[in-house]
Protein chains: 2
Amino acid sequence: MADRDHALLRIAVDLAILTVRDADFQVLLIERRNPPHQGLPALPGGFLRDDEDPERAALRELREETSLDASNLILEQLTVRGAPDRDPRGRVVSVPYMAIAPDLPIPTAGSDASAAHWVSMASALRDASLAFDHGHILAEALELARARLEHTTVATAFCHEPFTIGDLRHVYEVVWGTTLDAGNFSRKVTKTEGFIEATGDRRAHGTGRPAATYRRGTARRLHPPIFRNPIEI
Amino acid sequence: MADRDHALLRIAVDLAILTVRDADFQVLLIERRNPPHQGLPALPGGFLRDDEDPERAALRELREETSLDASNLILEQLTVRGAPDRDPRGRVVSVPYMAIAPDLPIPTAGSDASAAHWVSMASALRDASLAFDHGHILAEALELARARLEHTTVATAFCHEPFTIGDLRHVYEVVWGTTLDAGNFSRKVTKTEGFIEATGDRRAHGTGRPAATYRRGTARRLHPPIFRNPIEI
DNA sequence: CCAAAAGTGTTCGACGTACACCCATGC
DNA sequence: GCATGGGTGTACGTCGAACACTTTTGG
């Protein structure tokens, strides 16, 4: 049954933790303390433990790296990476996840990392210097996040509650790299049942008319979607 | 580095191979020749080999199980299943794939299977008697296939070339369990650039006016989508 | 008063839906 | 002729895009 041909291996869980900070779409990267790829930036992650399934391991790593409360989490699995030579330490198959988080404090570096930083998505992808195949994982996370904003209400996961419609629109604009019509966006999200729930409060924002504030609604899917403009193939 | 805590395990690749046959949405199931779950229906699959990545293993298994030419394949990864107790033989993490295939001959049973059959999706899910967690995998494959028809041109992968627009509409109707307006559907797919390409030929179908025949186009995404009706949340 | 952000009103055009109607074949 | 499936014409309603305009705050 256990043919010698059947690879015995370890599973790594890697996390693309995305956030919107400082008018910028950012990802949490660590600097690797140990070989291989010592000193290179990488996605946070770790090995699957004996008593865990991969999703639970991802939640554990996310908590360890960001101290994030798991209750509001959006965690989505990306394509498994298992090229036989992707890790020089031996056979390691990575199960990568995309996590969407509101603006968080910079976490402290853990045991496996000599540093942890929020890095703008553009520069993380441009330099293409990430350890292992993490550049490919990150590119997939970016595209998935952009697509999820079209078809789901997940954009609210980027916002701390309570948030304004302007905050939410800002998420769309930063993640998509576009601008949206404020009025039409406001109508769209308020008229989509379950997207956002009014708190009844308002919030002043320095200048301009105070905005009504909202909490996340219960709907997860967005019908009809909000399409990116222009449409990319 | 290799903490004792880090699980050493095997990876299984499981395939939900979907097709439309006899006006019915069907999946390829094998009957397990060996324990565990001996005699139960299961998705075809096998263990990852030393020199393979998971996608390549899935393609190999697919060829072995169906003799299908890999060039026209639609293969999409589903959620990794890795509950520690999902396989009594030890720690096995499954990377499941959904494959979409045109109506194929019934494959011969392989070494690990005492039989292989096309089974209607409804009965495969209703009985809930599939081995391991394959029932959950299959349910996910069903929902993904339905969603993919909305947003991609993948429905053509269910058809042998050349096919008619009626063949393609039949795929939508069987997979979604709905009926569609033939005229509107025809306009939609012919006006969507790259969905289908006319061959110039026609095909008689017993009775009725002969239909123009088409090949698959090069487009993969469908803008705007074809939504299921009524919209389900 | 002016700038800036929030939110509403309104017009226009694109597109999906429904359904009538014609086309081309087998029986 | 008649049934059957293929395909076009067309009217209607809905919705998104664009943008003018009002509201409400800070300076």
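Note on naming: letters A, B, ... go to the chains in the order of the sequence lines (proteins, then strands), and numbering restarts at 1 for each one. None of the values given here were measured: they were computed from a predicted structure.
Of the charged side-chain nitrogens involved, none lies within less than 4.0 Å of a carboxylate oxygen, so that A:Asp201 and A:Arg215 do not count as a salt-bridged pair. Using a 4.0 Å cut-off between charged nitrogen and carboxylate oxygen, B:Arg148 and B:Glu143 do not count as a salt-bridge pair.
Of the possible donor and acceptor atoms, none in the side chain of A:Gln77 sits under 3.5 Å from a partner among the backbone N and O of A:Pro96.
Ring orientation note: the planes of B:Phe227 and B:His151 are nearly perpendicular, at an angle over 60° on the 30°/60° scale.
The heavy-atom pair separating A:Ile226 from A:Tyr172 by the smallest distance is CD1-OH, 3.9 Å.
Take the nearest nucleotide of DNA chain D for B:Thr213 and for A:Gly183: the residue whose nucleotide is more 5' is B:Thr213. Nearest-nucleotide positions on DNA chain D place B:Ser186 closer to the 5' end than the other of B:Ser186 and A:Thr207. Of the residues near DNA chain C, A:Ala212 and B:Pro210, the one whose nearest nucleotide (by heavy atom distance) lies more toward the 5' end is A:Ala212.
Between the CZ atom of B:Arg203 and the P atom of D:dG6 there is a distance of 10 Å, rounded to whole Å.
A donor-acceptor contact under 3.5 Å is not formed by the side chain of B:Arg169 with the base of D:dG6.
Within 4.0 Å (heavy atoms only), A:Gly166 reaches sugar-phosphate atoms of the nucleic acid but no base atom. Counting any heavy atom pair closer than 4.0 Å across all strands shown, A:Ala211 reaches sugar-phosphate atoms only and no base atom.
Candidate nucleotides D:dA17, D:dG5, D:dT10 were compared by shortest atom distance to the side chain of A:Asn184, and D:dA17 ranks first. Nearest to the side chain of A:Asp181, among D:dA18, D:dT8, D:dG7, sits D:dA18.
With sequence neighbours excluded, the residues forming a side-chain contact (heavy atoms from CB on, under 4.5 Å) with A:Ala83 are A:Asp85, A:Arg86, listed by chain and number.
Boundaries of the chain B contact region on DNA chain C are C:dG16 to C:dG26, first to last in 5' to 3' order (nucleotide atom under 4.0 Å from a heavy atom).
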